[in-house]
Amino acid sequence: MNDPAIRTLLDALAGVVDAEALKAEMRAYLGDAPVASEKPAPAEGSGRFLLQDILDDSILGAKSGDKSFPLRLLFSELATRAGEQKEETAFTLLCALNVYFRVDADDEVKMRLGHEVSRLYYRFMDEARPEGLAPVQVSGLVAALLSTELSRVRLEAVDHAATFDSQTHERAPGSDPASGTVRRPLSFLCRVTQTGMVRIKASVAT
């Protein structure tokens, strides 16, 4: 749990949750037992860690062809990988999702937390490269799912953007400052729902 990404999440929630208690609770949810690959239904006691009490049947029971099926594949992949020692990003992402959906906080905190969750999501997709699941298939669904916790702002995926737009994008460190081509997104965009104003730009690699 020394991952800098989860430390950023915990720092964002300073004063809202006890960081050490949170880490202990997340580890307790997961335990040491292996998890199933077909559906997020791992060993007894870890279902809550995998958000089974939050995700509804339209996600957990989605079938091929259903709109939410890519979300089911994503959470199944997370369930499979989170218990493996080498898959720290999967575990960290699940911890972040648990914090995001379970902590009671205002839109400002949730917005910034959701933005950090999106960074972890893209990192997981880049490292895991789950078979049959590309970010362009699931990113919009993840953004919409996170946005259900927000009332005045919303998160948006920019996976379909091919050209850099300084109004909505910011270049990630290491990007080519002269290139106008978006190679891949690294975070979601955050926009005010009522006005459409951009609160946080999407980080992209160019």
Side-chain angles (χ1 to χ4, degrees), residues 3-17 51 54-55 59 67-68 70-71 74-75 78 89 92-130 133-206:
D3 191 292
I6 199 66
R7 177 53 56 189
T8 299
L9 293 168
L10 294 172
D11 288 345
L13 287 166
V16 180
V17 295
L51 303 173
I54 292 175
L55 301 175
I59 296 174
K67 181 180 179 180
S68 59
L71 277 178
L74 173 65
F75 281 101
L78 283 170
T89 300
T92 304
L93 176 54
L94 275 172
C95 284
L97 287 166
N98 270 276
V99 173
Y100 183 81
F101 283 108
R102 298 188 191 283
V103 87
D104 185 15
D106 61 24
D107 255 25
E108 184 68 23
V109 172
K110 286 267 179 148
M111 173 188 71
R112 298 192 179 282
L113 181 56
H115 192 252
E116 292 302 320
V117 169
S118 75
R119 291 182 187 276
L120 280 170
Y121 155 73
Y122 280 114
R123 196 172 98 190
F124 170 76
M125 293 296 284
D126 182 58
E127 292 178 3
R129 298 185 182 277
L133 187 64
V136 71
Q137 297 172 291
V138 69
S139 297
L141 297 173
V142 174
L145 182 63
L146 294 176
S147 294
T148 61
E149 292 287 301
L150 303 169
S151 59
R152 295 184 297 275
V153 294
R154 67 178 183 270
L155 294 164
E156 298 177 6
V158 296
D159 294 70
H160 291 87
T163 304
F164 180 82
D165 180 356
S166 62
Q167 298 299 310
T168 56
H169 302 153
E170 65 176 5
R171 287 185 172 88
S175 293
D176 180 354
S179 175
T181 300
V182 174
R183 292 191 289 114
R184 60 191 178 97
L186 298 173
S187 77
F188 292 157
L189 168 76
C190 188
R191 193 187 298 274
V192 177
T193 304
Q194 188 171 9
T195 65
M197 181 184 72
V198 174
R199 283 293 311 277
I200 304 178
K201 295 180 181 181
S203 178
V204 298
T206 60

Legend entry - Contact list for residues 161-171, test side-chain hydrogen bond (donor to acceptor under 3.5 Å, both in side chains), sequence neighbours left out: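 Checked against side-chain hydrogen bond (donor to acceptor under 3.5 Å, both in side chains) - neighbours excluded - the pairs reaching residues 161-171 are R171-T206.
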Closer than 3.5 angstrom, by distance alone: can the side chain of [X] be matched with the main-chain N or O of [Y] as a donor-acceptor pair?
X: K110; Y: S151; value: no
X: S179; Y: D176; value: no
X: D107; Y: L150; value: no

Mind checking what makes side chain to side chain donor-acceptor pair (under 3.5 Å) contact with [X], not counting sequence neighbours?
X: Q137; answer: none
X: H115; answer: S187
X: D126; answer: R129
X: D106; answer: none

Inset, instruction - Using a 4.5 Å cut-off on heavy atoms from C-beta on, say whether the side chain of P130 contacts that of M125. - result: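 Yes, side chains in contact.
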Legend entry - Min side-chain heavy-atom separation F188-L146 under 4.5 Å: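 Yes, at least one pair of side-chain atoms sits under 4.5 Å.
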Legend entry - Rounded distance (nearest 0.5 Å) linking atom CG of L55 with atom CG of L71: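 That separation rounds to 8.0 Å.
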Legend entry - CG on L74 to CZ on F124, rounded to 0.5 Å: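 With rounding to 0.5 Å, CZ (F124) is 6.0 Å from CG (L74).
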I need the minimum non-hydrogen distance between [X] and [Y], along with the two atoms involved.
X: V158; Y: Y122; value: N-OH, 4.5 Å
X: A157; Y: A143; value: N-CB, 3.9 Å
X: R191; Y: G196; value: NH1-O, 2.9 Å
X: L51; Y: F75; value: CD1-CE2, 3.8 Å
X: L93; Y: L78; value: CD2-CD2, 3.7 Å
X: L113; Y: Y100; value: CD2-CA, 3.6 Å

Mind checking side chain to side chain contact (heavy atoms under 4.5 Å, CB included) for [X] and listing every partner two or more places apart, or none if nothing turns up?
X: P70; answer: L133, V138, L141
X: A172; answer: S175, L186, S203
X: V192; answer: V153, T195, M197, R199

Inset, instruction - Test R102 against I54 for side-chain contact (heavy atoms from CB on, under 4.5 Å), laying out the working first. - result: CA-CA 9 Å; R102 298 188 191 283; I54 292 175; 3.7 Å; yes
Legend entry - L155 vs I200, side-chain contact (heavy atoms from CB on, under 4.5 Å): CA-CA, chis, key distance, verdict: CA-CA 9 Å; L155 294 164; I200 304 178; over 6 Å; no
Legend entry - Any residue meeting salt bridge (charged side-chain N to carboxylate O under 4.0 Å, His left out) with E127, in chain and number order, not counting sequence neighbours: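 E127: salt bridge (charged side-chain N to carboxylate O under 4.0 Å, His left out) contacts with R123.
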Legend entry - Verdict with reasoning, V103 to N98, per side-chain contact (heavy atoms from CB on, under 4.5 Å): CA-CA 8 Å; V103 87; N98 270 276; over 6 Å; no
Legend entry - Check against side-chain contact (heavy atoms from CB on, under 4.5 Å), L97 and Y121: CA-CA 10 Å; L97 287 166; Y121 155 73; over 6 Å; no
Legend entry - ring-ring contact (aromatic ring centres under 6.0 Å, His included) against F101, all qualifying residues, sequence neighbours excluded: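 Per chain and number, F101 pairs via ring-ring contact (aromatic ring centres under 6.0 Å, His included) with no residue.
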